[in-house]
Amino acid sequence: MTHLRSKRLSRPGHGKVVAAVLGLVAALSLGTLGDAQAAPQSREAGPAADRWTDRAHGFASLAGGTTGGAGGKVVTVTDQAALAKYAAAEEPYVIRVKGSLDMDPFGTEIPVASDKTIIGVSDTAEIVHGGFTLDPGTHNVIIRNLTIRDTAIEGNWDCKDTDYDGIRLDTAHHVWIDHNRFSRICDGQLDIRKDSEYVTVSSNQFTNNNKTFGIGWTPNVKTQITIDHNWFRGTKQRNPSADNCAYAHLYNNYLSSQLSDGDPVWTYGNWSRGRTKMVIENSYYDSVQHPYQADATAELVQRGSVLRNTTGRHDAWGTAFDPRAFYAYRLDPAAAVPALVKRFSGPQKRIGGPVVLHVPGDYPTVQAAVDAVPDGNDTAVEIAVAPGTYREKVLIPASKPNLVLRGTGQDRSKTVIVFDTPAEYGGSTGSATVRIAANDVTARNLTFSNDFDEAAHELKGEQALAMKTTGDRIVFEDTAFLGNQDTLMTDSPKLTTLSRVYVRDSYIEGDVDFIYGRATTVIERSVIRALSRGSDTNNGYITAASTWKGNPYGFLITRSEIVSDAPSGSFHLGRPWHPGGEPDAIAQVLIRDTALPAAIKSSPWTDMSGFSWKDARFAEYRNDGPGATVTGDRPQLSDQEARQHTVAAYLKGTDDWAPHARH
């Protein structure tokens, strides 16, 4: 038997994806009065160019980088005990903090072990009356998108007899503190101490505090730190104070509304102390006393900042260092900093939304990333799959809903998940390259393939699924399904359980029953390729639905194109599948507004396993193309009936699901 297989990923011609680019409005400029020495604006898009990146930049990106809990399991915590348990664990974790966690006893600082990401869900996650501590030797930690607040004690402004830090690092390395809000902390909101190295502090808000952000407490000159796009407001001192830092790079920070209590010395902005080498670029100081100052033993280079209503020390001497000798970064114009920092600093809904697990960057396989998702996951987790061919079988179990599988290549052909198991080994379900049993799963820009070569083998079970779904509310967008017999099975957990699948802008190929199952399935704006098996009379069947008789909606193929190189009149549109002889599986298939090739038979529906196609619910409506002839064996819907068989009607269910509405 000759098999003419097509692996072309035919793709309907729709528009290109357009990336939105944030523009900096020139009207934000406040003029030259008070501007310090101008610095050139870098157009270099380094690792910090994307304001929403989940990758560390600056010094935290060097010497192996800072990845936090990447590669470990993802957990969501809603109480102090769970947070403390996972934060102290030996293995890597991505710890998602949901809601407000009140520390007990007051002032509790949660110890954080190495290889952890602690990230707030949305912009409402809080650590109240406590904070975090990273003890000596701790490394590779990311703390993001949290509000850490209220360990201040009324009347104890100087905090001499308490030490309730927001986050404290002692001899830690590779740490990224990003998009947090610190408020009313006693003592330091952020203390980076005792030779901690490779630290980046970005896009945080430091508010309402006395001793805000200190670096040092050591005679050694080791710490390397990047501090960018932070907002200091309502703070008094240490904004930051950097003592004996090898390299301190401060850029695009905003200092405003400084607390003014008449203190002539200890109310200040940035201080380069001891033997620190500090570079300040394109920051914005508004109504700040001593905006930047340096000890005689330190060095401080300042360029490009805006100064408004500042008084006191404006020290700058020495050559310090060139940050670009260490890493690439993008400088925003100083005049734009207040607007940018007000908008983008502190906790963000977008950051605390979907967690992104990178394959193979964080996890070596797609299955490893799926395994990292917590059971009962209640918010979106995206698995971003880099271009490549992943020869593996993937199971998304029912316990792991709310997943997005997304290929990151230029098109869907660049990211392929493939295996070659036939039904002879494990049955049709066991043959599936990918199985989706969970609800609310979306796949985009991917190819799913079962490349078992049925022409090269003589087996009783040649079915070889590329994809099987049993979950509800499954979406495939811009995907391809490659195989021969039984390529795509959309099913449900049992006959009377309704599951829905929406396939859009996609490509499906096969020969025998290659779109089948009992799920309510809509295939829209897609290409379906019926592969020739070399026969002049019967090359196969496009559909084999097994819809429950109580479900009015089975398969809908609409606004699509069926193509084939099979001989004229040699392909069926479908046949009724009654699995195990189940009499209540009454197939429902409608093909409407779709182009049909000459390969389609003039009598395109046929019997299966003793069940007549005439007892099924097969119909067409307003198809065109050489295979769309109307005969007595081709039931057609009336216009009135067609109005009841729309994409919305098939997918609505009892929860008004409408994935098509977003297009």
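Remember, predicted model here, so these are calculated numbers, not experimental data.
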Under a 4.5 Å cut-off applied to non-hydrogen side-chain atoms, are Y254 and K342 in contact? yes

Sequence neighbours excluded, the answer for side chain to side chain contact (heavy atoms under 4.5 Å, CB included) partners of A386 is P360, Y390, T408

Pairing residues for T76 by the side chain to side chain contact (heavy atoms under 4.5 Å, CB included) criterion, not counting sequence neighbours: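 Per chain and number, T76 pairs via side chain to side chain contact (heavy atoms under 4.5 Å, CB included) with R96, K98.
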
Tell me if a side-chain donor or acceptor on [X] pairs with a main-chain N or O of [Y] at a distance below 3.5 Å.
| X | Y | answer |
| --- | --- | --- |
| T207 | F182 | yes |
| N180 | D178 | yes |
| N230 | S203 | yes |
| N204 | W231 | no |
| N282 | D332 | yes |
| T212 | T235 | no |
| Q348 | S345 | yes |

[X] and [Y] aromatic centres sub-6.0 Å:
| X | Y | answer |
| --- | --- | --- |
| Y198 | H174 | yes |
| Y327 | F59 | yes |
| H249 | Y251 | yes |
| Y164 | H129 | no |

Does a side-chain N-to-carboxylate-O contact under 4.0 Å join [X] and [Y]?
| X | Y | result |
| --- | --- | --- |
| R193 | D170 | yes |
| D322 | R324 | no |
| D362 | R55 | yes |
| E477 | R662 | yes |
| R444 | D478 | no |

Looking at residues at least two apart in the chain, or sitting in another chain, which of them share a side chain to side chain donor-acceptor pair (under 3.5 Å) with T223? none

Show, in sequence, the C-alpha distance, side-chain angles and deciding distance for I225 and Y247, and conclude whether the side-chain contact (heavy atoms from CB on, under 4.5 Å) test is met. CA-CA 6 Å; I225 188 166; Y247 306 107; over 6 Å; no

Would Q189 and N209 count as a side chain to side chain donor-acceptor pair (under 3.5 Å) here? Give the steps. CA-CA 8 Å; Q189 295 190 333; N209 221 70; 3.1 Å; yes

Check the pair W271 / D295 against side chain to side chain donor-acceptor pair (under 3.5 Å), numbers first and verdict last. CA-CA 8 Å; W271 194 343; D295 290 354; 2.9 Å; yes

Classify the side-chain pair [X]/[Y] by whether it contains a donor and acceptor separated by less than 3.5 Å.
| X | Y | answer |
| --- | --- | --- |
| E126 | S100 | yes |
| T53 | H57 | no |
| Q237 | N210 | yes |
| D115 | N140 | yes |

Side chain to side chain donor-acceptor pair (under 3.5 Å), that's the test. Do N270 and Y285 meet it? Break it down for me. CA-CA 10 Å; N270 310 141; Y285 302 85; 2.6 Å; yes

Please evaluate residues H139 and S114 with respect to the criterion side chain to side chain donor-acceptor pair (under 3.5 Å), reporting the C-alpha separation (whole Å), side-chain torsions for both, the decisive distance (0.1 Å), and the verdict. CA-CA 5 Å; H139 59 276; S114 300; 3.1 Å; yes

